[in-house]
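These figures come from a predicted structure and were not determined experimentally. Ligands are counted one by one from 1 in listed order, and the atoms in each one are counted from 1 as well. Below, each value reflects all heavy atoms present in this structure, side chains not excepted, and no hydrogens, waters or symmetry copies.
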Amino acid sequence: MTARPRPKAFPAATVLGYPRIGPRRELKRALESYWNGRTGRDDLAATGRELRAATWRRLRDLGVETPPSNTFSLYDHVLDTAVLLGAVPERYRDAEDVTFAMARGTDGVAPLRMTKWFDTNYHYIVPEVGAGTVFELAGDKPLREVAEARELGIETRPVLLGPVTFLLLAEAAPGSPAGFTPLHRLDAVLEVYARLLAALAAEGVGWVQLDEPALVADRTDAELVATRVAYERLGGLADRPGLFVASYFGDLGAALPVLAETPIEAIGLDLDRGREILGRPDLGSLAGKTVVAGVVPGRNVWHADLDDALDTLRFLRGRVGEVTVGTSCSLLHVPHDLDLETGLDPDLRRRLAFADQKVGEVVTLAGLLAAAPAGADPVAPPVRARAAAKATEATQATDLAGESRRSPYPVRAAAQAEHLRLPPLPVTTIGSFPQTGGIRGARAALTAGKITNERYERLVESEIERAVRLQERLGVDVLVHGEPERNDMVQYFAEHLDGFATTRHGWVQSYGSRCTRPPILHGDVSRPEPITVGWARYARSLTPKPVKGMLTGPVTITAWSFIREDLPLPAVFGQVADAIRGEVADLEAAGVSIIQVDEPALRELLPLRRADQDAYLEHAVGAYRRATSVAADRTQIHTHLCYSDAATVLTAIDALDADVTTIESARSQARIVADPALGSFGRGLGPGVYDIHSPRVPGTAEVAALIEAILAVLPAERVWVNPDCGLKTRTYEQVEAGLANVVAAAASVRERLGA
Ligand code: GLN
Ligand code: ZN
């Protein structure tokens with residue numbers, strides 16, 4: 001075997017990835033117009049090409065010599081990886097567009113499951129891998145992007161999802177034998193990676209980045225063995241580019257020595273969230289590899305502390321030798337460019353860095369590192385000033401423990417039954433109704449100063465009336481006002497609370513074409529005046545039926561914002577919880593007897609390491625209880641969460657002590673029903689029976705079957721009937737048809753129950 005020539009030096013400054021949606025959400029527009037049939041495949045491809053070219057040029061102009069490629073995706077990079085490896089389940093193979101069929105479903109076939117990418121608000125499509133999946137190199141996207149960049153005169157480093165993370169994120173195909181896990185297919189997958197690496201090497205590609213964020217979570221011995229096998233195998237190939245394995249979102253823990261012993265040439269460390277690694281005695285085992293030091297945080301919007309980052313880089317250089325500067329993770333999770341954001345308060349603006357500004361920091365640090373004499377590098381890990389401040393303030397953190405409702409659940413349930421007099425299996429929705437073109441246009445016109453606030457409010461009222469009338473006509477039992485006034489469930493509250501700033505262009509991809517603009521929590525939170533009470537009053541005035549008040553919970557507001565890093569998380573939770581508590585009290589005082597406090601993000605900030613999870617959940621639950629415990633016994637508190645594999649947090653959901661919990665379920669074919677933890681769930685529960693993520697309208701019999709499956713494990717008096725989530729992304733036509741079937745299904749089951 002011929003020895004591989006050592007790859008040429010890793011670039012001194014790099015980023016692990018870059019936003020792909022476009023500074024003006026060009027990708028979103030192109031996707032949606034393609035899906036609506038307004039434009040063709042060629043137009044979509046052209047937008048993709050323009051965005052990639054703009055990204056590579058931008059990064060090069062900012063000083064990144066070898067920008068990453070293959071970070072672009074029309075939908076999701078995990079999905080792209082599945083398609084590239086040939087892992088396309090049989091049922092999608094005949095679709096006109098296989099990738100979009102897997103992501104969004106087709107008329108006859110439901111989409112693959114989607115879930116959160118680690119502890120971020122980005123969602124990936126969960127690949128299905130079975131014992132019979134035929135892996136093959138089924139595409140050439142990474143190669144095409146290399147060639148495309150070369151046409152612009154730019155040499156790139158293709159980024160691939162690593163084989164271990166790919167398999168750990170995949171789920172076993174339906175019908176897999178007991179005990180099968182996708183990782184069993186490692187050898188077959190490595191075969192394809194080997195072919196791909198050979199093809200890239202044949203094109204003269206110098207380096208490939210393999211992303212392995214799964215290695216920062218707790219891993220079993222078998223998983224660590226798989227990691228060793230994977231990188232010994234790929235590292236041992238004669239024909240391959242230099243291998244850069246990137247870890248991010250935490251520290252490598254037990255995977256560090258495993259990777260250190262494999263023949264990969266470069267390793268990426270997240271020195272924002274995985275800073276513990278600096279204190280490890282075995283850090284020196286990385287000597288001989290290039291360490292790509294992720295000192296510029298990719299998960300927040302604050303300027304990096306350049307002094308601290310430089311100290312970190314120099315300390316590392318002293319320990320391991322070869323150090324280059326990178327971001328802690330892909331910049332996918334931050335907005336493109338602060339320069340677009342002209343309306344922010346100048347004092348706040350000075351403290352901020354979006355993707356392009358972070359790239360600038362990386363390049364600056366690479367220059368500073370090169371200029372600093374290596375002989376004088378510090379021998380002790382730097383103590384981060386911000387971390388130190390955090391630690392002292394942690395002791396003064398708002399105490400979130402010990403908040404509870406006046407009476408235990410059974411007492412409250414009786415008081416509520418008496419007060420509300422609802423039928424069995426009450427039908428409700430999760431809150432939002434379709435955001436029509438009309439209301440979005442009105443909001444844009446208001447922002448542009450083209451209509452008055454009074455005019456806007458009348459338009460919101462007519463949308464509320466439309467939603468209320470529809471629900472009355474369909475026979476929904478607990479109504480909602482439909483949230484037409486909300487651009488977004490978090491941004492809306494941030495706009496009405498002090499301590500937050502909101503942006504105009506600060507979009508971050510959430511999934512596919514969907515983006516959010518996370519607010520920036522920069523000061524102390526307070527609520528200058530009631531936020532939702534006026535709309536709730538108006539909705540109630542329209543109907544004798546109960547209308548739920550609708551609030552976003554403190555954990556979700558925090559999780560979906562960029563938050564302060566000088567405060568410990570529980571202190572941030574506490575401030576936001578107090579603001580929401582005030583709103584709960586005001587709604588109740590206005591006569592609203594059912595108040596829903598949504599926490600779809602409860603699990604999102606759940607630490608990746610088990611050892612840290614209990615403390616987090618305790619704080620999150622504490623925040624929720626602080627926000628809701630002000631309600632009287634007869635006020636029914638609802639909460640809503642957006643995922644079905646509740647088992648991991650079911651105890652925490654129970655601890656929220658909400659009277660009713662609605663939860664996503666239909667999308668995963670009511671898997672929750674099989675969850676053994678469900679039997680012990682002691683409060684009202686509404687597992688979704690209508691998958692609203694897809695335009696498909698479920699039939700009455702299908703919904704009734706889901707309700708029956710739920711009734712097989714939960715007592716009827718605690719079951720609610722509702723969709724999986726809010727209806728805002730659907731059309732009125734779909735919603736009307738879907739809800740009519742949900743109401744009819746509930747009626748038929750009630751009849752069978754003899755109610
Ligand atoms: N009440 C919100 C809605 O219906 C909840 C959304 C969510 O769970 N993400 O839109
Ligand atoms: Zn939801």
Side-chain angles (χ1 to χ4, degrees), residues 113-116 121-123 427-436 439-440 463-464 467-468 470-471 476 478-494 510-511 514-518 531-532 535-536 539 547-561 580 583-584 587 592 594-604 624 627-628 637-646 649 653 656 658 660-668 672 685-694 720 722-732 734-735 738-739 742:
R113 207 164 65 85
M114 178 173 81
T115 195
K116 308 234 170 196
N121 187 27
Y122 175 79
H123 302 65
V427 176
T428 191
T429 63
I430 307 305
S432 58
F433 266 66
Q435 282 268 326
T436 59
I439 193 68
R440 272 185 273 127
E463 291 284 325
I464 293 176
V468 167
L470 176 62
Q471 295 168 85
V476 173
V478 171
L479 276 48
V480 296
H481 79 291
E483 306 177 21
E485 77 287 9
R486 303 184 192 176
N487 39 12
D488 171 277
M489 67 185 290
V490 168
Q491 172 153 354
Y492 179 73
F493 286 92
S510 172
Y511 65 92
R514 304 263 300 157
C515 305
T516 63
R517 274 178 296 179
I531 302 170
T532 63
W535 301 125
V547 184
K548 280 194 273 195
M550 199 57 64
L551 304 176
T552 304
V555 180
T556 299
I557 292 180
T558 305
W560 290 351
S561 299
I580 299 302
E583 193 70 15
V584 170
L587 280 172
V592 178
I594 306 184
I595 302 171
Q596 179 170 313
V597 181
D598 289 327
E599 284 294 14
L602 179 71
R603 199 184 56 172
E604 194 161 300
Y624 186 88
T628 53
I637 297 288
H638 288 213
T639 191
H640 167 71
L641 300 102
C642 280
Y643 31 82
S644 49
D645 43 346
V649 284
I653 297 176
L656 295 179
V660 178
T661 300
T662 56
I663 193 160
E664 177 181 315
S665 165
R667 192 175 208 209
S668 59
I672 190 166
L685 193 67
V689 291
Y690 168 15
D691 173 11
I692 50 73
H693 297 95
S694 141
W720 283 66
N722 46 263
D724 268 0
C725 194
L727 303 167
K728 71 172 165 229
T729 56
R730 299 274 62 90
T731 64
Y732 258 100
Q734 292 159 354
V735 162
L739 286 183
V742 169

Looking only at protein heavy atoms, identify the closest one to [atom] and say how far it is in Å.
atom: atom 6 (C) of ligand 1; answer: M489 SD, 3.4 Å
atom: atom 10 (O) of ligand 1; answer: S432 OG, 2.7 Å
atom: atom 2 (C) of ligand 1; answer: D598 OD2, 3.4 Å
atom: atom 8 (O) of ligand 1; answer: H640 CD2, 2.9 Å

Where ligand 1 meets [X] - atom numbers and elements under 4.0 angstrom, heavy-atom basis:
X: C725; value: 7 (C), 8 (O), 9 (N)
X: C642; value: 7 (C), 8 (O), 9 (N)
X: G726; value: 3 (C), 4 (O), 10 (O)

Output, in order, the C-alpha distance, side-chain angles, deciding distance and verdict of side chain to side chain donor-acceptor pair (under 3.5 Å) for E483 and W535.
CA-CA 9 Å; E483 306 177 21; W535 301 125; over 6 Å; no

In H640, which N, O or S atom comes closest to the Zn ion (ligand 2)?
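This residue's closest N, O or S atom turns out to be NE2.
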
Pair T436-E463, side chain to side chain donor-acceptor pair (under 3.5 Å): steps then yes or no:
CA-CA 9 Å; T436 59; E463 291 284 325; 3.1 Å; yes

pair E664-L641: side-chain heavy atoms closer than 4.5 Å:
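No - every pair of side-chain heavy atoms lies 4.5 Å or more apart.
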
Is there a side-chain contact between R486 and T532 (heavy atoms, below 4.5 Å)?
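They are in side-chain contact.
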
Kindly confirm or rule out an N or O of L727 lying under 3.5 angstrom from an N or O of ligand 1.
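So ligand 1 has no N or O lying under 3.5 Å from an N or O of L727.
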
Output yes when the distance from some N or O of ligand 1 to some N or O of W560 is under 3.5 Å, and no in every other case.
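No, since none of the N or O atoms of W560 sits under 3.5 Å from an N or O of ligand 1.
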
Look up atom [atom1] in [X] and atom [atom2] in [Y], then write down how far apart they are to the nearest 0.5 Å.
X: R730; Y: I692; atom1: CZ; atom2: CD1; value: 7.0 Å
X: M114; Y: Y511; atom1: CE; atom2: OH; value: 5.0 Å
X: L656; Y: L602; atom1: CG; atom2: CG; value: 5.5 Å

Please assess T556 against E599 for the test side chain to side chain donor-acceptor pair (under 3.5 Å), listing each intermediate value before the final yes or no.
CA-CA 5 Å; T556 299; E599 284 294 14; 2.6 Å; yes

What angle, in degrees and rounded to 10°, do you get at the Zn ion (ligand 2) when you join it to SG of C725 and to SG of C642?
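The angle at the Zn ion (ligand 2) comes to 120°, rounded to the nearest 10°.
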
